[in-house]
Amino acid sequence: MTEPSTVRRVPGALRPLRVLDAYCCIGGATAGYQRLGWHVTGIDLQAQPDYCGDVFHQGDAIEFIRAHGHEYDFIHASPPCQGEGAPTKGTNRARNAAVGRTYPRLIAPTRAALEATGRPYVIENVAGSEVRKDLRLCGEMFGLGVLMHRYFELGRWTAPQPAHPAHRGRVRGWRHGEYHEGPYVAAYGKGGGKATTEEIRTAKGIDWSTDHFRLREALPPAYTEWIGRAHLAPALEVAA
C-alpha cells in the first residue's frame, strides 16, 4: 500500500512577492529582489532598454505608485539623488545657482504616495538626503568592489542594522592631487582613475548592461537581496 504523500503548505507570507521598483533605472535593485524569486515591475520616467525586471512601465513613478502601488506586496523606491547629496546642498550650491541648475526633491512626495498604499516599502538614498536612516548598507558588507554607502528608510516594517565591517583600504583614484591604490573602485564620473564600465559591472555584480552612466547610478543587487531577506525574516521565523 502506498502511503499518501505529505503536502507542506507554504504560508502566504512566503509565497513569491510582487514587488514594485520605483525609479528603477536598469534594475540594480530589481535584480536583488529577483534573486529571492520575486516578481518585479519597474517604473521609470525614462526608457530603460537594459531593464532586467519582469515588467517595465515608462512614466512618472509617484503617479504610478498612487494609482497602482496597492496592487503590490512590497515597494522599493530610489528617488534621484542629485538634489539630495551634500555636494549639491553645500560645495556646489552657488555654482548650480549661477547657471540655474536645479534638481527635483522627490523624497517627501514619494514617501506620501507610499504611505497612502498601506504596503510595506523601502526608500533608498544617499547621505545628506531626507530619508530616515533606518539602515545603512555598504559594499564591504557583501565583499563588493565598491563602498557605496546607502541609507534606507523602512516603512511599515523594521530590521536590525547589520554590522559594518572595517574597510580594507582606500578607493582607488586621485583625491586632492594625490593618487591612491585600493581595493575599491570609484563608480562615479570619468577620469582620474575612476572605474571603467567593466570594472563597475564586476564591482557591483551587474552583468546585463554596458551603459556606463546607468551602471554608475545602479544599486548593487546584493543590497536589495539583503533587504528582501530581512523583510522575510519574521515570516521565516514563524514558519520554522
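The shown structure was predicted, so the numbers you read here are calculated from the model rather than taken from an experiment.
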For the residue pair [X] and [Y], what are the closest heavy atoms and their distance?
X	Y	value
Pro162	Leu137	CG-CD2, 3.8 Å
Val146	Ala203	CG1-CB, 3.7 Å
Leu215	Ser209	CD1-O, 3.7 Å
Gly69	Ile75	O-CD1, 3.7 Å
Val126	Lys133	O-CE, 4.4 Å
Arg201	Trp208	NH1-N, 4.0 Å

Spell out, as yes or no, whether a donor-acceptor pair under 3.5 Å connects the side chain of [X] to the backbone of [Y].
X	Y	answer
Arg132	Leu154	yes
Trp174	His180	no
Gln58	Leu45	yes
Asp134	Ala159	no
His212	Ala195	yes
Thr224	Pro221	yes
Lys204	Arg216	yes
Asp21	Thr30	yes
Arg136	His149	no
Asp44	Cys25	yes

Quiz item: So do the side chains of Glu124 and Val131 get within less than 4.5 Å of each other, counting heavy atoms only?
Solution: no

Quiz prompt | Side-chain touch Trp226/Leu135, heavy atoms, less than 4.5 angstrom | solution = yes

Practice problem: Look at Arg170 together with Glu178 and state whether they make a salt bridge at an N to O cut-off of under 4.0 Å. | Solution: no

Quiz item: Quick one: do Glu130 and Arg111 make a salt bridge, cutoff under 4.0 Å?
Solution: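 No, Glu130 and Arg111 are not salt-bridged.
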
Is [Y] reachable from [X] through a run of hydrophobic residues whose side-chain heavy atoms are each under 4.5 Å from the next?
X	Y	result
Tyr184	Ile200	no
Ile65	Ile107	yes
Tyr23	Ile26	no
Tyr151	Leu114	yes
Leu144	Val171	no

Quiz item: Where does the angle between the aromatic ring planes of Phe142 and Tyr223 fall among parallel (under 30°), tilted (30 to 60°) and perpendicular (over 60°)?
Solution: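 Because their plane-to-plane angle lies in the 30° to 60° range, the rings of Phe142 and Tyr223 count as tilted.
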
From [X] [atom1] over to [Y] [atom2], what is the distance, rounded to the nearest 0.5 angstrom?
X	Y	atom1	atom2	result
Glu217	Ser78	CD	OG	10.5 Å
Ile43	Asp60	CD1	CG	7.5 Å
Tyr72	His39	OH	NE2	8.0 Å

Exercise. Could you pull out all residues at least two apart from His57 that satisfy ring-ring contact (aromatic ring centres under 6.0 Å, His included)?
Key: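 Listed in chain order: Phe64.
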
Exercise. Decide side-chain contact (heavy atoms from CB on, under 4.5 Å) for Leu219 and His76; before the verdict, give the C-alpha distance in whole Å, the side-chain angles of both, and the deciding distance to 0.1 Å.
Key: CA-CA 12 Å; Leu219 199 64; His76 176 103; 4.1 Å; yes

Quiz item: In this structure, which one of Leu20, Asp54, Leu17 forms a side chain to side chain contact (heavy atoms under 4.5 Å, CB included) with Val40?
Solution: Asp54

Quiz item: Taking it one step at a time, do Asp50 and Arg214 satisfy side-chain contact (heavy atoms from CB on, under 4.5 Å)?
Solution: CA-CA 9 Å; Asp50 289 350; Arg214 285 178 168 82; 5.9 Å; no

Practice problem: From the options Arg119, Arg18, Arg15, select the one residue that forms a side chain to side chain donor-acceptor pair (under 3.5 Å) with Asp73. | Solution: Arg15

Exercise. Under the side-chain contact (heavy atoms from CB on, under 4.5 Å) rule, what do Leu232 and Trp38 come out as? Steps first, then yes or no, please.
Key: CA-CA 12 Å; Leu232 284 179; Trp38 296 359; 3.6 Å; yes

Practice problem: Sort and list the pairs that fulfil salt bridge (charged side-chain N to carboxylate O under 4.0 Å, His left out) and have at least one residue in residues 155-169, not counting sequence neighbours. | Solution: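 Checked against salt bridge (charged side-chain N to carboxylate O under 4.0 Å, His left out) - neighbours excluded - the pairs reaching residues 155-169 are Glu115-Arg156, Glu140-Arg168.
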
Self-check item: Where at least one partner belongs to residues 31-40, residue pairs that pass salt bridge (charged side-chain N to carboxylate O under 4.0 Å, His left out), sequence neighbours excluded
Solution: Arg35-Glu225

